[in-house]
2 protein chains.
Amino acid sequence: MTLKYSRQREAIKDFLMTRKDHPTADVVYSNVRTEFPNISLGTVYRNLTLLADLGEIARLRVGDGVDHFDADTSPHYHFVCSDCGNVIDLDMDSIDYINQTAAKNFNGQITGHITYFYGLCPHCKEKKLKALS
Amino acid sequence: MTLKYSRQREAIKDFLMTRKDHPTADVVYSNVRTEFPNISLGTVYRNLTLLADLGEIARLRVGDGVDHFDADTSPHYHFVCSDCGNVIDLDMDSIDYINQTAAKNFNGQITGHITYFYGLCPHCKEKKLKALS
DNA sequence: ATATCTGCAAAATCTTTGCATTTAA
DNA sequence: TTAAATGCAAAGATTTTGCAGATAT
């Protein structure tokens, strides 16, 4: 199972790299379709899974029942807006030490954690402030 | 929309309270079915959603694509075994202050976070140790 | 009496997969 | 040439929903 080049796969990854908003498979599909009108949703899913397995992209599960994808595989945290659902990168210090906190009274082995924050994104917060004034 | 008593709903909640392993809707269904052989999966889902909305149970999303449910609504963290998939309660100090860490360079409003830890549960860790010795 | 709840089945949503064909190497 | 990738459509898995009948208040 050697990897073989595919223009579709490259287009999928290229598209993801242009976006900072962590699109879903469906969004990837409709966008890549402007370049490859015949691409199928199955191909999009297959390639997203493949790229994620290769570690070239990250699969994000933020609890909305849909997978999001991120071309930025560097360790960072995400924020999910409770109002609009947007997923935003957070520029914050590492909190990896919470693994130690969790390990204190635990007999298993903790190798990592998944964390995302929620609340109001800057845009929705502004909107709410205006509505109240 | 006043709440009306239902034996099915009570059985669902009672079952959840007997379990510490955060069952899925399907597991709830097959267990409650021993008491109510005619209960439908739809009723189970409807009541789990209702109970979660009422805050009487918690809905857990740990990234495996299936919702888990927990009768323990007190704030606590969960561990998901990467090998067996089991979801275990962690007895650990609060890490709520990570909200402040996240808020530092963020213009929106952070109201909370979702965190779960992963690695090897005590049982799978033991098994792996034995296999290597 | 009547609003809520149920069982059933159908549908909705998201994702995976089988297969014949195309394509990269 | 041939293993991998694609498009298409069908199937899987999980969850939601419409509706007619049952049930709690």
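Just so we're clear, the structure is a prediction, and the values are computed from it rather than from any experiment. Lettering of chains follows the sequences in order, A, B, ..., and the numbering in each one begins at 1.
- The pair A:Lys127-A:Asp83 does not count as a salt bridge, with every side-chain nitrogen at least 4.0 angstrom from each carboxylate oxygen.
- Residue whose closest nucleotide on DNA chain D sits further toward the 5' end, between B:Gly65 and A:Leu3: A:Leu3.
- Side-chain proximity of A:Tyr5 to C:dA24, D:dT25, C:dT6: nearest is C:dA24.
- Between B:Thr2 and the phosphate of C:dA3, there is no side-chain N or O to OP1/OP2 separation shorter than 4.0 Å.
- One distance of note links OG1 of A:Thr115 with CD1 of A:Ile98; it measures 4.0 Å at 0.5 Å rounding.
- Annotation: of the two residues near DNA chain D, B:Lys4 and B:Leu41, the 5′-most nearest-nucleotide partner is B:Leu41.
- Between B:Asp64 atom CG and C:dT15 atom C1' the separation is 15 Å, expressed in whole Å.
- In terms of phosphate contacts, A:Asn38 brings no side-chain nitrogen or oxygen within less than 4.0 Å of OP1 or OP2 of C:dT22.
- The side chain of A:Gln8 places an N or O atom within less than 4.0 Å of a non-bridging phosphate oxygen (OP1 or OP2) of D:dG7.
- If you measure from atom OH of B:Tyr45 to atom P of D:dA13, you get 12 Å, rounded to the nearest angstrom.
- Look at OH on B:Tyr29: it is 14 Å from P on D:dT14, rounded to the nearest Å.
- Backbone-only contact: A:Asn47 has heavy atoms under 4.0 Å from sugar-phosphate atoms and none from a base.
- Candidate nucleotides D:dA5, D:dT15, C:dG7 were compared by shortest atom distance to the side chain of B:Ala25, and D:dT15 ranks first.
- Between A:Leu51 atom CG and D:dA5 atom P the separation is 11 Å, expressed in whole Å.
- B:Asp70 approaches B:Asp72 most closely through the heavy-atom pair OD1-N, 2.8 Å.
- A:Ile12 places its CD1 atom 14 Å from the C1' atom of C:dT15, with the value rounded to the nearest Å.
- Candidate nucleotides D:dT6, C:dG7, C:dT15 were compared by shortest atom distance to the side chain of B:Ser40, and C:dG7 ranks first.
- For A:Thr49 and C:dT16, the shortest distance from a side-chain N or O to OP1 or OP2 is below 4.0 Å.
- If you measure from atom CD1 of A:Ile39 to atom P of C:dT22, you get 17 Å, rounded to the nearest angstrom.
- A donor atom on one side chain and an acceptor atom on the other are found under 3.5 Å apart for B:His22 and B:Asp89.
- Backbone-only engagement by B:Asp67 is indicated by non-hydrogen atom pairs under 4.0 Å involving sugar-phosphate atoms exclusively.
- For B:Glu10 and C:dC5, the CD to C1' distance is 15 Å, given to the nearest whole Å.
- B:Tyr77 places a side-chain heavy atom less than 4.5 Å from the side chain of B:Ile95.
- Listed pair A:Ser6 / D:dT6 meets the phosphate criterion, a side-chain N or O lying under 4.0 Å from OP1 or OP2.
- Listed for the A:His76 side chain is a donor-acceptor partner under 3.5 Å among the backbone atoms of A:Ser74.
- In this model, the phosphate group of C:dT17 is not approached by any side-chain N or O of A:Arg46 to a distance below 4.0 Å at OP1 or OP2.
- Between the CZ atom of B:Phe36 and the P atom of C:dG7 there is a distance of 9 Å, rounded to whole Å.
- In the interface, the side chain of A:Arg33 is not paired with the base of D:dG7 through any donor and acceptor atom under 3.5 Å apart.
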